[in-house]
Protein chains: 2
Amino acid sequence: MSNTMKASLPVIRRLPRYYRYITELKNNGTTRISSSQLAHIMGSTPSQVRQDFNCFGGFGQQGVGYSVELLHSEIEKLLFPEGRLRAVLLGAGNLGITIGNFVLKESTGVELVAVFDSDNAIIGNKLFGMEIMAFDELVSFCQNEHVDIIIACTTKEAAESLAPHIVETGVKGIWNYSHFDFSINDESLIVENVHLRDSLMALSYRVSHKECPHMQE
Amino acid sequence: MSNTMKASLPVIRRLPRYYRYITELKNNGTTRISSSQLAHIMGSTPSQVRQDFNCFGGFGQQGVGYSVELLHSEIEKLLFPEGRLRAVLLGAGNLGITIGNFVLKESTGVELVAVFDSDNAIIGNKLFGMEIMAFDELVSFCQNEHVDIIIACTTKEAAESLAPHIVETGVKGIWNYSHFDFSINDESLIVENVHLRDSLMALSYRVSHKECPHMQE
DNA sequence: AACTGTTTGATAATACTTTCACAAAATTTG
DNA sequence: CAAATTTTGTGAAAGTATTATCAAACAGTT
C-alpha cells in the first residue's frame, strides 16, 4: 500500500466510469467486489483494474478483494477532494442552457455560480435564478468570487476573443464546448474539450470504414 | 504513395481536427502548408502530422508540402465517403433537442431523419418539422428507412431497455449521450460515447491535482 | 544543367499503456 | 492448524503510439 506513481491521463479518464459502476454496486447493496468482477462490468481486464487502483495507493485487500464502500469514498475523494468546484457558464444559448441545466441537476461535484453572455438582448435576464452578466464582468467576477472552472458554450469567435483574458480570471480549468481550441499548452490551465462535431465525425469515419480497430474507445 | 497501414483510433480522433483547421486555411485562401506549419497549428509535431497522413496513403509532395485543397477533399472523403449518414434521434428532452439542433445546423455529414421518444404526452408533436414517434416504431422505421446511426439522448433506463433491440435495427453506430454503456463489444456496432458527466469529473480531477500530466488531451 | 535548400515518406528509437505472471497476504477447508 | 484457494500488489514483458532521423524527391536559382 502506497505506490505513489502518478496517474496517467487514460487512468484519470477511467476513474469516472469506475465511480459510476461502483456507485451502482453500492446502491445495489453489494459490499465486496474483486478486480475480475469489476473488469467484467467495465469491459476491461482484472490487471488493468488493479493497476489503475494502484496508482492511488491500491485500496484492496489480498485474498479478499475491494470493499465497495471504501472504493466509492476513495474515488469520490480523488474526483472531488476540495468539495464542490465553482463554475461559471459562458454563453446562454441553446447549448449553454442545456449544459447549465446538466450541471445544476446531474453533477454532484460542481456548482454553477454565474452565467455570462455577449447578447445585450438577454443580459440582465434571469437564468437558473441568476442574472445573466456581460462578458466584460467576467474577469473581475472570477477574481472576486474564487471561480474554479469556466464552462465555454460560446461561438468560436466569442471564445477566441475571450481567450486572452482567461489567464487573468485565475480559473484552473475550462470545460470547452466551443469550436475554439484554447491554447493547448498554457501550463497551469487545464482544458477539457467536448468537441461534439469532432466526436460525430470520428463516429462517421468508423461507421464508414467498418474494418476499423476493435479497440474499445 | 500507398502505405496501406490501418489508422488507429488516436489517428481517427485527430482527423476531424485536421479537417477543422484545413477548412479554415482553405477559407483563408492558403493553398499550401507544410507538416511543421500544420503541427504548429494543431499543437503537435511535424512527425505526427506526416505519420498520420501516411496512414491514408500520404497526400503530400516532397520538397513542397501539402496542397490545402487536396488535403481538404481527401479528409472529407475519409470522413464522409458515402455521402451523408442518416441518423435518428432518441429522446426529445432538453439534451435531445439541443443535439438535434446541432446535427441539423452544424453538421455537414449527417442528416436527421426521425425523432423518437417514450413520453406519450409529446409523441405526435412536431419537432424539427418531424412528428415525434414512439419507441415501439424504432426498429421497423430503421429497417425500412435505412438508418445508419442512432443518437441516444435518453435516460439510462430507456437506453438500457432499448439496447436489446438495437441489433435488430441494423444501424451501424450509436452516438451515445445516455449514462448507459451499450455493450462494448457487439462487434459490428460502433459506439461513440459522449459522457458529459465523466468528462466533467475528469476535468475536476485534473484541476484538483494540478501536478497532473502535461499531455495534451 | 548542376547546386542548394526544403520537405516528404519511411524506418528506427523512444515513450507510454496494457497485459502477463507470480510472490505475498488473507480466507476457507479438512 | 496446515493445506488449498482466492485475490491483491508489483515488477517485467508485450503491445501501441509518438517522436526523431535520414535518404529520396522536388522547386528554385544561377
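Naming: A, B, ... by sequence-line order, numbering from 1 per chain.
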With respect to the side chain of A/Asn54, which nucleotide from C/dT17, D/dT10, D/dT18 is positioned closest?
-> D/dT10

Quick one: do the A/Gln48 and A/Thr45 side chains pair a donor with an acceptor below 3.5 Å?
-> no

Not counting sequence neighbours, list each pair that qualifies as a salt bridge (Lys or Arg N to Asp or Glu O under 4.0 Å) and has a residue in residues 90-103 of chain A.
-> none

Using a cut-off of strictly less than 4.0 Å, decide whether A/Tyr66 has a side-chain nitrogen or oxygen near OP1 or OP2 of C/dA26.
-> no

What pairs of residues pass the side chain to side chain donor-acceptor pair (under 3.5 Å) test when at least one of them lies in residues 87-113 of chain A, not counting sequence neighbours?
-> A/Thr98-B/Thr98, A/Asn101-A/Lys105, A/Glu106-B/His179

Looking at residues 30-39 of chain A, who's got a heavy atom less than 4.0 Å off DNA chain C?
-> none

Scan residues 38-47 of chain B for pairs that pass salt bridge (Lys or Arg N to Asp or Glu O under 4.0 Å), counting only residues two or more places apart or in two chains.
-> none

Residue set satisfying salt bridge (charged side-chain N to carboxylate O under 4.0 Å, His left out) with A/Glu160, at least two apart, ordered chain then number -> A/Lys156

Using whole Å, report how far CD of B/Gln51 lies from P of C/dA12.
-> 12 Å

Can you name the side chain to side chain contact (heavy atoms under 4.5 Å, CB included) partners of A/Gln62, sequence neighbours left out?
-> none

When only distance counts, do a donor and an acceptor, one from the side chain of A/Gln48 and one from the base of C/dT17, lie under 3.5 Å apart?
-> no

Across all chains, not counting sequence neighbours, the ring pair (Phe, Tyr, Trp, His ring centres under 6.0 Å) partners of B/Phe102 are none

Does B/Gln61 make a side-chain N or O approach to OP1 or OP2 of D/dC26 shorter than 4.0 Å?
-> no

Any residue meeting salt bridge (charged side-chain N to carboxylate O under 4.0 Å, His left out) with B/Glu168, in chain and number order, not counting sequence neighbours = none

Look for any protein N or O under 3.5 Å of an N or O in nucleotides 21-24 of chain D and output each such pair with its distance, or none.
| unit_1 | atom_1 | unit_2 | atom_2 | d |
| --- | --- | --- | --- | --- |
| D/dT21 | O4 | B/Arg50 | NH2 | 3.3 |

Can you tell me how far C1' of D/dT16 sits from CZ of B/Arg13, to the nearest Å?
-> 15 Å

